[in-house]
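What follows is one structure encoded as structure tokens, with my remarks underneath.
Because the structure is a prediction, the values reported are computed rather than measured.
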2 protein chains.
Amino acid sequence: MEYSQMELYLKAIGDHNRMLILKYLMKEALCICEFTELLDMTQPAISQHMRKLKAAELVMEEKRSRWTIWSLNTRHPQYPILLHLLSLLPEPERTIESLAAEGKKVICE
Amino acid sequence: MEYSQMELYLKAIGDHNRMLILKYLMKEALCICEFTELLDMTQPAISQHMRKLKAAELVMEEKRSRWTIWSLNTRHPQYPILLHLLSLLPEPERTIESLAAEGKKVICE
DNA sequence: TCATTATATAAGCAAATACTTATTGATAGC
DNA sequence: GCTATCAATAAGTATTTGCTTATATAATGA
């Protein structure tokens with residue numbers, strides 16, 4: 001692995017919000033509009049984060065009509081390391097389920 | 001592990017020059033003046049990098065008279081992960097031995 | 001076809017980062 | 001005590017990063 005690749009990889013993971021994104025994706029595939037509610041962030045901010053995670057090949061996207069569904073790239077050579085790192089982190093407070101209770105449940109497809 | 005801790009940890013590792021520093025420290029403890037030659041960087045730049053690695057508890061320092069000897073923190077809870085990540089990287093081109101051949105061998109202690 | 005929805009992209013801004021030159025602080029040797 | 005050496009720190013600069021508001025693009029539904 002090139003140094004530049006490792007730098008891209010670790011920098012992609014090593015951001016507070018992107019770690020949260022990855023923690024959520026461990027459970028299930030999600031779309032941007034779900035993340036905007038879960039993380040209380042603007043759509044472009046989420047989109048930029050996904051662009052970085054995609055560039056590092058940590059996530060994959062699937063277009064489903066007007067929705068883009070994001071999931072973890074389980075085929076990544078270092079996927080087990082990522083899982084290990086993420087397992088060290090606390091579970092995020094909000095869940096898709098708690099969004100419903102807040103009346104913020106979004107519907108993707 | 002707190003999210004902020006993980007961020008500090010990954011950001012500390014995720015820099016090209018700091019990865020090189022860590023690769024060298026896998027082999028042996030070294031001082032700033034050795035790094036300045038190995039990495040062809042200024043002393044303050046190296047010092048700032050060591051400050052970041054120390055803040056993330058990845059390295060430890062030992063003062064020996066006028067020299068500060070740096071070594072990996074093998075007691076770090078995630079030390080095995082660090083070793084694994086570093087093992088994925090190519091060996092640095094310069095070595096302490098090649099410095100001698102270049103007439104740049106420095107003497108610490 | 002037009003309006004709506006989802007999201008990528010553009011442009012700009014503030015903060016963080018990696019570097020530099022200069023200075024300061026600590027230690028050793030004479 | 002003075003001088004030399006090593007390295008931490010200060011201050012400044014250029015670049016990168018994470019965010020915003022605005023806009024463009026793509027897909028769906030009426």
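- In this structure, A:Phe35 places its CZ atom 15 Å from C1' of C:dA6, rounding to the nearest Å.
- Contacts of A:Ser47 with the nucleic acid, taken as non-hydrogen atoms under 4.0 Å apart, include base atoms.
- Distances shorter than 4.0 Å separate some side-chain N or O of B:Lys52 from OP1 or OP2 on C:dA18.
- Side chain B:Gln48 to base D:dA8: no donor-acceptor pair is found below 3.5 Å.
- Rounded to whole Å, atom C1' of D:dT20 lies 12 Å from atom NE2 of A:His49.
- For the pair A:Ile32 CD1 and C:dA8 C1', the interatomic distance rounds to 9 Å; values are reported in whole Å.
- With hydrogens and angles ignored, no donor-acceptor pair closer than 3.5 Å exists between the side chain of A:Gln43 and the base of C:dA6.
- Nearest to the side-chain atoms of A:Pro44 among the listed nucleotides C:dT21, C:dA18, C:dT9 stands C:dT9.
- Of the side-chain N and O atoms in B:Ser65, none sit less than 4.0 angstrom from OP1 or OP2 of C:dA26.
- Rounded to an integer number of Å, the gap from A:Met41 CE to D:dT20 C1' is 11 Å.
- Taking CE from B:Met1 and CE from B:Met6, the interatomic distance works out to 5.0 Å, rounded to the nearest 0.5 Å.
- Ion pairing of A:Glu61 with A:Arg51 is absent here, as no side-chain N (NZ or NE/NH1/NH2) approaches a carboxylate O to less than 4.0 Å.
- The distance between the ring centers of A:Tyr9 and A:His76 falls below 6.0 angstrom.
- Atom CZ of A:Arg51 is separated from atom P of C:dA10 by 10 Å (rounded to the nearest Å).
- Heavy atoms from other residues, nucleotides or ligands lying under 6.0 Å from CD of B:Glu2 number 12 at most.
- Sequence order on DNA chain C of the closest nucleotides to B:Asn17 and B:Arg66 puts B:Asn17 first from the 5' end.
- Atom pair A:Glu62:CD and D:dA26:C1' shows a separation of 16 Å (rounding to whole Å applied).
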